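Below: one structure, written as structure tokens.
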Amino acid sequence: MKNFRKRGVLLLAAAAICAALSGCQSADSTRIVRIGHNQSTNHPTHIALTEFQTFINERLGDKYRVEVYPSELLGSQTDMVQLTQTGAIDFCVASNAILETFSKNYEIFNLPYLFASTEAYHHAMDDESLTGPIFDSTVKAGFTAVTWLDAGTRNFYTVDTPINSPADLRGLKIRVQQSPTNIEMMRLLGGSATPMGFGDVYTALQSHIIDGAENNEMALTDNGHGDVCKYYSYDMHQMVPDILIGNNAFMEGLTEKERAIFEEGFQLINTVQREEWVKAVENAKDRAQNEQHVEFIYPDQGPFMEACMPLHDSMLAENPDLQSTYDAIQAYNEQYPAQTE
């Protein structure tokens, strides 16, 4: 990771200089379009972005050349969001938790137990009348969401303490994303929230700085957390999207025809990423069980859900403009309820 970071510093400097001097033109006057993310090259997000890369390069390669930088090569997610703001890079994948710090409208997606099922989650996120105002709420910050990515269901996983109920979290230091909502969620569940960047989690787990974390199954395999954490508990506290954001100045500089092609490409990213996600989760769970010897636990979600409900009330009280969005999501929950055995 240190080598990645060193390379990232050089790339960031080059990107900033290019942006300032010539809009990142290459030697043949093709505009280089840089996209950064923090996942590995076999992750569904990277696979989808490389499909986008091929799509744009084939259709607009005489003018634009897309380059995808995985594994935090362009810095942490926070760094990349700031670089996208300034136009030093053009796009990046950001966690919803980070975007919450730019617009309180994103708080709603961080609410624990917001969605009753994966079907409700996907239908809500595909509803542009619901997501559009939220995606546009960062315009003044210099960037806008162009599509959403499935990040699965977030669950707790720990080094040596099985989590069967909220009581098992007491006294444990759990890494959470850097968001006020997630910190409050951990307080309500009785654990000790430890916000940190995703790239630092493995070392923190290995050195016992933290006792566990919360994320989807691929964190166990792609990021090696299952080598250290031997218990994964399906409390299913969040279904939180990742968001692909784009620099406003770049997007506004596209011609109408170019913009239409880019929009088609954003839809391609969404479609490919979701298809690859299903396969990747199945593969990750199989590898975690059979190669890393992780034990998967299926607790009663009721106590976790009950503990977190005050967050719904407080969020709506502080941001009443989101009530209609919340109600629309509840309608999807009624239409696509959780499946019971």
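Nothing here was measured: the structure is a model prediction, and the numbers come from that model.
Using cut-offs of 30° and 60° on the angle between ring planes, the pair Trp277 and His43 is perpendicular. A parallel orientation is assigned to the rings of Phe262 and Phe91, their planes being inclined by less than 30° (bins at 30° and 60°). In this pair, Phe143 and Phe102 present their aromatic rings perpendicular. The plane angle is above 60°, beyond the 30 to 60° band.
Going from atom OH of Tyr113 over to atom CE of Met236 covers 8.5 Å, rounded to the nearest 0.5 Å. Annotation: the span from Leu169 atom CG to Arg187 atom CZ amounts to 14.0 Å, rounded to 0.5 Å. One distance of note links CZ of Arg31 with CG of Leu254; it measures 9.0 Å at 0.5 Å rounding. Atom CG of Asn182 sits about 5.5 Å away from atom CD of Gln177, to the nearest 0.5 Å. Taking CD1 of Ile210 as the reference point, atom OH of Tyr202 lies at 12.0 Å (rounded to 0.5 Å). Atom CG of Leu244 sits about 9.5 Å away from atom OG1 of Thr45, to the nearest 0.5 Å.
Residues His225 and Phe198 bring their aromatic ring centres within 6.0 Å. Taking the six-membered ring for Trp and the full ring otherwise, Tyr326 and His312 have centroids separated by under 6.0 Å. The six-membered or imidazole ring of His123 lies near that of Tyr336, with a centre-to-centre distance under 6.0 Å. Not less than 6.0 angstrom separates the ring centroid of Tyr298 from the ring centroid of Phe296.
Across Asp286 and Asn290, no two heavy atoms sit closer than the pair OD1-ND2, 2.8 Å. Here the closest heavy-atom approach between residue Met218 and residue Ala284 is recorded as CG-CB, 3.8 Å. Of all heavy-atom pairs between Ala338 and Ala116, the closest is CB-O, 3.2 Å. Between Leu130 and Ala328, the shortest heavy-atom distance links the atoms CD1-CB, 3.8 Å. Nearest heavy atoms, Ile47 versus Val272: CG2-CG1, 4.3 Å. Nearest heavy atoms, Ala145 versus Ile243: CB-CG2, 3.3 Å.
A salt bridge does not link Arg259 to Glu252: none of the charged nitrogens lies less than 4.0 Å from a carboxylate oxygen. In this structure, Lys279 does not pair ionically with Glu282, as no charged nitrogen and carboxylate oxygen lie closer than 4.0 Å.
Other residues, nucleotides and ligands contribute over 12 non-hydrogen atoms within 6.0 Å of the NZ atom of Lys285. The environment of CD in Gln301 is crowded: more than 12 heavy-atom neighbours from other residues, nucleotides or ligands sit within 6.0 Å.
Side-chain polar atoms of Asp235 and Ser233 form no donor-acceptor pair below 3.5 angstrom. With hydrogens and angles left out, the side-chain atoms of Tyr232 and Asn155 include a donor and acceptor closer than 3.5 Å. Side-chain contact check for Thr158 and Asp211: no donor-acceptor pair (N or O, by modelled atom type) lies under 3.5 Å.
Under a 3.5 Å cut-off, the side chain of Thr271 and the backbone N or O of Leu268 do not form any donor-acceptor pair. Proximity of a side-chain donor or acceptor of Thr203 to a complementary backbone N or O of Asp200 within less than 3.5 Å is not detected. Between the side chain of Thr255 and the backbone N or O of Glu258 there is at least one donor-acceptor pair closer than 3.5 Å. A donor-acceptor contact shorter than 3.5 Å is absent between the side chain of Asp222 and the backbone of Ser40. Counting only distance, with no hydrogens or angles, the side chain of Arg175 and the backbone of Pro195 share no donor-acceptor pair below 3.5 Å. One N or O on the side chain of Asn333 and one on the backbone of Leu114 form a donor-acceptor pair closer than 3.5 Å. Counting only distance, with no hydrogens or angles, the side chain of Asn38 and the backbone of Gln77 share no donor-acceptor pair below 3.5 Å. Remark: side-chain polar atoms of Asp160 are not paired, donor with acceptor, to backbone N or O of Lys230 under 3.5 angstrom. Judged by distance alone, the side chain of Lys173 and the main-chain N or O of Ile209 form a donor-acceptor pair under 3.5 Å. Between the Gln238 side chain and the Asn110 main chain, a donor and an acceptor come within less than 3.5 Å of each other.
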Start with the C-alpha gap between Asp327 and Gln323, add the side-chain angles, then the distance that decides, and say whether side chain to side chain donor-acceptor pair (under 3.5 Å) holds. CA-CA 6 Å; Asp327 292 342; Gln323 183 68 57; 2.9 Å; yes

When you look at Thr131 and Phe109, which way does the side-chain contact (heavy atoms from CB on, under 4.5 Å) test go after all the steps? CA-CA 10 Å; Thr131 59; Phe109 295 141; 4.3 Å; yes

Apply the test salt bridge (Lys or Arg N to Asp or Glu O under 4.0 Å) to residues Arg65 and Glu67: give CA-CA distance (whole Å), side-chain angles for both, the deciding distance (0.1 Å), then the verdict. CA-CA 7 Å; Arg65 186 173 79 240; Glu67 296 179 352; 3.2 Å; yes

Run the numbers on Phe156 and His237 for ring pair (Phe, Tyr, Trp, His ring centres under 6.0 Å), then give the verdict. CA-CA 9 Å; Phe156 292 111; His237 54 267; 4.4 Å; yes

Could you walk me through whether Ile163 and Tyr157 pass the side-chain contact (heavy atoms from CB on, under 4.5 Å) test, one step at a time? CA-CA 8 Å; Ile163 305 300; Tyr157 53 93; over 6 Å; no

Ring pair (Phe, Tyr, Trp, His ring centres under 6.0 Å) between Trp148 and Phe266: does it pass, once the steps are laid out? CA-CA 9 Å; Trp148 69 278; Phe266 299 147; over 10 Å; no

May I have the step-by-step check of side-chain contact (heavy atoms from CB on, under 4.5 Å) for Val81 and Cys92, ending in yes or no? CA-CA 7 Å; Val81 170; Cys92 77; 4.0 Å; yes

Can you list the steps and then say if Val176 with Ile183 is a side-chain contact (heavy atoms from CB on, under 4.5 Å)? CA-CA 7 Å; Val176 297; Ile183 292 171; 4.3 Å; yes

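At a threshold of 4.5 Å between side-chain heavy atoms, the hydrophobic network of Ile, Leu, Val, Met, Phe, Trp and Tyr places Ile35 and Phe135 in two separate groups. Under a hydrophobic clustering in which Ile, Leu, Val, Met, Phe, Trp and Tyr are joined whenever their side-chain heavy atoms come within less than 4.5 Å, directly or via other members, Met239 and Ile329 fall into the same cluster. Side-chain heavy atoms closer than 4.5 Å link hydrophobic residues (I, L, V, M, F, W, Y) into clusters, and following such links, even through other members, never connects Val68 to Ile245. In the hydrophobic clustering of this structure, Val201 groups with Met185; members are Ile, Leu, Val, Met, Phe, Trp, Tyr whose side-chain heavy atoms approach within less than 4.5 Å, directly or through other members.
Using a 4.5 Å heavy-atom cutoff, the side chains of Glu51 and Thr54 are not in contact. Side-chain contact between Asn270 and Thr147: present, with at least one pair of heavy atoms (C-beta onward) separated by less than 4.5 Å. When side chains are defined from C-beta on, Asn216 does not count as touching Val281, because their heavy atoms never get closer than 4.5 Å. Side-chain contact between Asn96 and Asp242 is absent, with no heavy-atom pair separated by less than 4.5 Å. In this structure the side chain of His46 reaches within 4.5 angstrom of the side chain of Thr50, judged on heavy atoms. Side-chain contact between Ile269 and Leu149 is present, with heavy atoms from C-beta onward closer than 4.5 Å. Side-chain contact between Thr181 and Leu311: present, with at least one pair of heavy atoms (C-beta onward) separated by less than 4.5 Å. Looking at Asn247 and Gln85, their side chains never come closer than 4.5 Å, going by heavy atoms from C-beta outward.
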